[in-house]
Amino acid sequence: MTERTLIIVKPDAMSKRISGKVIQALEEQGLQLVAGKLLQLSRPRAEDFYGEHKGKEFYEPLINFISSNPCLVTVWEGAGAIKKAREIIGATDPAQAKEGTIRKKYATDNRHNGVHGSDSAKSAEREIAFFFSDTEIFPWEEKVYKK
């Protein structure tokens, strides 16, 4: 089933200059980039996005981190996109991530783990709508371009 997922290249990955590697890894596994923005989340916007975690021990450090520098916010489309993207990204804790995943290769800890990925269809729908209007998403169509 074709679905969409949100992927955020977080400030730590942006500072390591690996956004291209994240995009490449997702594209090589058959996902299609259908929207993207480079932006820096304000603290209130970060609080809105991560509101479900308010009151948890990691909430304040997460808000401080995610709003510290620019992020690349993207939407991906494809068959089983949510599960496939999460497999490419790897476990939240890079120490537990499988070899070859983005987090195993580039992350340093649970917070500085390079990438955020939607964890369910419900989350993907909410997260995509948080950052993008329908007119900013370009559904994938197979096209052949000739010279």
Side-chain angles (χ1 to χ4, degrees), residues 1-134 136-140 142:
M1 176 175 125
T2 298
E3 59 188 9
R4 290 182 178 156
T5 190
L6 184 90
I7 302 294
I8 301 175
V9 180
K10 294 180 180 180
D12 57 321
M14 294 299 293
S15 69
K16 291 177 184 176
R17 299 179 182 195
I18 62 161
S19 58
K21 292 177 184 193
V22 173
I23 290 169
Q24 182 179 5
L26 294 163
E27 285 183 333
E28 285 177 346
Q29 293 302 313
L31 296 178
Q32 179 61 41
L33 180 64
V34 295
K37 293 180 182 180
L38 182 64
L39 53 85
Q40 184 164 352
L41 288 170
S42 65
R43 183 173 176 84
R45 194 106 162 105
E47 289 171 346
D48 286 347
F49 184 71
Y50 285 112
E52 66 193 72
H53 299 302
K54 192 168 187 160
K56 295 179 182 173
E57 177 182 317
F58 62 85
Y59 178 76
E60 282 299 320
L62 173 62
I63 298 304
N64 291 335
F65 164 63
I66 201 69
S67 62
S68 67
N69 278 304
C71 299
L72 179 62
V73 183
T74 59
V75 179
W76 294 83
E77 188 174 271
I82 297 165
K83 182 179 181 205
K84 188 178 282 188
R86 291 190 65 80
E87 289 171 355
I88 296 163
I89 292 167
T92 302
D93 181 349
Q96 296 176 1
K98 291 182 181 176
E99 288 298 326
T101 63
I102 292 165
R103 288 177 172 156
K104 188 66 168 187
K105 290 180 186 177
Y106 305 110
T108 55
D109 58 47
N110 285 359
R111 184 174 311 114
H112 304 95
N113 60 12
V115 185
H116 166 90
S118 300
D119 64 2
S120 67
K122 184 177 177 181
S123 292
E125 185 177 344
R126 179 189 71 80
E127 292 173 354
I128 291 168
F130 186 89
F131 289 107
F132 296 92
S133 69
D134 289 342
E136 295 176 303
I137 300 172
F138 301 91
W140 174 243
E142 188 69 41

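In this structure, Arg126 and Asp48 approach most closely via the heavy-atom pair NH1-O, 4.5 Å. Nearest heavy-atom pair, Pro61 versus Phe58, reported as atom, atom and distance to 0.1 Å: CD-O, 3.4 Å. Here the closest non-hydrogen pair linking Phe131 and Glu136 is O-OE1, 3.9 Å. Of all the heavy atoms in Cys71 and Lys10, the pair that sits closest is SG-CA, 4.2 Å. In terms of heavy-atom proximity, His112 sits nearest to Phe65 at CD2-CE1, 3.4 Å.
With hydrogens and angles disregarded, no donor-acceptor distance shorter than 3.5 Å links the side chain of Ser118 to the backbone of Thr5. No side-chain donor-acceptor contact under 3.5 Å links Lys84 to the backbone of Leu31. Proximity of a side-chain donor or acceptor of Gln40 to a complementary backbone N or O of Ser67 within less than 3.5 Å is detected. A distance-only check finds a donor-acceptor pair linking the side chain of Thr74 to the backbone of Ile7 [under 3.5 Å].
To the nearest 0.5 Å, atoms CZ (Arg45) and CG (Leu39) are separated by 8.0 Å. Rounding to the nearest 0.5 Å places CG of Asn113 at 10.5 Å from CD1 of Ile102. The distance from the CZ atom of Arg103 to the NZ atom of Lys98 is 14.0 Å, given to the nearest 0.5 Å. Interatomic distance, Leu6 CG to Phe49 CZ, rounded to the nearest 0.5 Å: 5.5 Å. Atom NZ of Lys54 and atom OH of Tyr59 lie 5.0 Å apart (nearest 0.5 Å).
Counted within 6.0 Å of CD on Glu52, heavy atoms from surrounding residues, nucleotides or ligands total more than 12; the atom is thus considered enclosed. Annotation for Gln32: atom CD counts as buried by contact number, over 12 foreign heavy atoms lying within 6.0 Å. Crowding of Lys56 atom NZ: a count of heavy atoms from other residues, nucleotides or ligands under 6.0 Å exceeding 12. The environment of NZ in Lys16 is crowded: more than 12 heavy-atom neighbours from other residues, nucleotides or ligands sit within 6.0 Å.
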Steps toward side-chain contact (heavy atoms from CB on, under 4.5 Å) verdict (Leu72, Met14): CA-CA 8 Å; Leu72 179 62; Met14 294 299 293; 3.9 Å; yes
Stepwise, does the side-chain contact (heavy atoms from CB on, under 4.5 Å) test hold for Ile18 with Lys105? CA-CA 11 Å; Ile18 62 161; Lys105 290 180 186 177; over 6 Å; no
side-chain contact (heavy atoms from CB on, under 4.5 Å) assessment of Phe138 paired with Val75: CA-CA 9 Å; Phe138 301 91; Val75 179; over 6 Å; no
Can Val34 and Trp76 be said to form a side-chain contact (heavy atoms from CB on, under 4.5 Å), step by step? CA-CA 6 Å; Val34 295; Trp76 294 83; over 6 Å; no
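Residues satisfying the side chain to side chain contact (heavy atoms under 4.5 Å, CB included) test with Arg43, not counting sequence neighbours, are Glu47, Glu60, Ile63, Asn64. Not counting sequence neighbours, Ser15 has no partner by the side chain to side chain contact (heavy atoms under 4.5 Å, CB included) test. Listed by chain and number, the residues in a side chain to side chain contact (heavy atoms under 4.5 Å, CB included) with Ser123 are Asp119, Ser120, Glu127 (sequence neighbours excluded). Taking Glu3 as the reference, Met1, Ala81, Ile82 meet the side chain to side chain contact (heavy atoms under 4.5 Å, CB included) condition, with sequence neighbours excluded.
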Return all side-chain donor-acceptor pairs below 3.5 angstrom for residues 86-96, not counting sequence neighbours, or 'none' if the list is empty.
unit_1 : atom_1 : unit_2 : atom_2 : d
Arg86  : NH1    : Gly117 : O      : 2.8
Asp93  : OD1    : Ala95  : N      : 2.9

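Contact check for Glu77 versus Ile137: no side-chain heavy atoms found under the 4.5 Å cut-off.
Figure legend: cation-pi geometry between Lys37 and Phe132, with NZ or CZ positioned under 6.0 Å from the six-membered ring centre and within 45° of its axis.
Residue pairs satisfying the ring pair (Phe, Tyr, Trp, His ring centres under 6.0 Å) criterion with at least one member in residues 7-33, sequence neighbours excluded, are absent.
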